[in-house]
Amino acid sequence: MKNKQTGLSLIGVLIVGAILGFIFLIGMRTVPVVTEYMAVKRVMNAIINSSPSPEVPVSQLRADFEKRAYIDEVKHVSGRDLVIVKRGNKFEMSVTYSRKVPIAGNVSLLIDFDTGVLRGGS
């Protein structure tokens with residue numbers, strides 16, 4: 001009587017391990033980039049939720065972003081990158097930027113971020 005064995009061969013285990021290792025590498029390289037994007041959104045939401053008065057100039061909003069971004073260790077987005085439009089008593093704020101993440105050798109990953117338009121004001 002023959003017993004048929006099932007499972008992965010050594011080559012199969014190596015291939016699955018290589019694929020999982022590559023996925024893990026990409027994940028570890030992209031986590032800081034995504035974390036920074038989340039910090040940018042958090043800072044922008046904090047500025048909007050503070051309900052600045054309509055008299056506040058756009059330059060003050062940019063300076064406020066710079067201060068809060070420094071605390072959250074945002075290094076790749078500055079107040080100059082923000083698109084801030086005032087419409088009457090309200091303002092709209094957004095930012096669009098790209099980050100290039102090196103993976104291995106000549107291989108890199110380009111990630112485009114767009115916060116969308118955040119609206120605030122009184």
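Quick caveat: nothing in here was measured; it's all calculated off a predicted structure.
Applying the side-chain contact (heavy atoms from CB on, under 4.5 Å) criterion to R87, with sequence neighbours excluded, gives V85, E92. With sequence neighbours excluded, the residues satisfying side-chain contact (heavy atoms from CB on, under 4.5 Å) with I19 are I15, I23. Annotation: side-chain contact (heavy atoms from CB on, under 4.5 Å) contacts of T35 (sequence neighbours excluded): V31. Under the side-chain contact (heavy atoms from CB on, under 4.5 Å) criterion, P32 pairs with no residue at all, not counting sequence neighbours.
Looking only at distances, a side-chain donor or acceptor of E36 sits under 3.5 Å from a matching main-chain atom of K75. Remark: side-chain polar atoms of K100 are not paired, donor with acceptor, to backbone N or O of I111 under 3.5 angstrom. Panel note: side chain R99, backbone D112; no donor-acceptor pair is recorded below 3.5 Å.
The hydrophobic clustering, which links ILVMFWY residues whose side-chain heavy atoms are closer than 4.5 Å, places V56 and F91 together. Under the 4.5 Å side-chain heavy-atom criterion for ILVMFWY residues, a single connected hydrophobic cluster contains both V107 and I26. If you chain together hydrophobic residues whose side chains sit under 4.5 Å apart, V77 and V83 never meet in one group.
Taken from CG in L82 to CD in E66, the straight-line distance is 8.0 Å, to the nearest 0.5 Å. The distance from the CG atom of D81 to the OG atom of S94 is 11.0 Å, given to the nearest 0.5 Å. Atom CG of residue L109 and atom CD1 of residue I103 lie 5.0 Å apart, to the nearest 0.5 angstrom.
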Show me the donor-acceptor pairs within less than 3.5 Å that the side chains of residues 67-74 make with the rest of the protein, sequence neighbours left out.
residue: R68; atom: NE; partner: D64; partner atom: OD1; Å: 3.1
residue: R68; atom: NE; partner: D64; partner atom: OD2; Å: 3.4

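The two residues S108 and P102 make their nearest non-hydrogen contact at CB-CA, 3.9 Å. Of all heavy-atom pairs between R62 and I84, the closest is CG-CD1, 4.0 Å.
A heavy-atom distance below 4.5 Å is found between the side chains of M44 and T115.
The neighbour count for I11 CD1, taken as heavy atoms of other residues, nucleotides or ligands under 6.0 Å away, does not exceed 12.
Sequence neighbours left out, the pairs with a member in residues 6-46 that pass ring-ring contact (aromatic ring centres under 6.0 Å, His included) are Y37-F113.
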- Verdict with supporting geometry, S98 and L110, side chain to side chain contact (heavy atoms under 4.5 Å, CB included): CA-CA 7 Å; S98 298; L110 181 66; 4.0 Å; yes
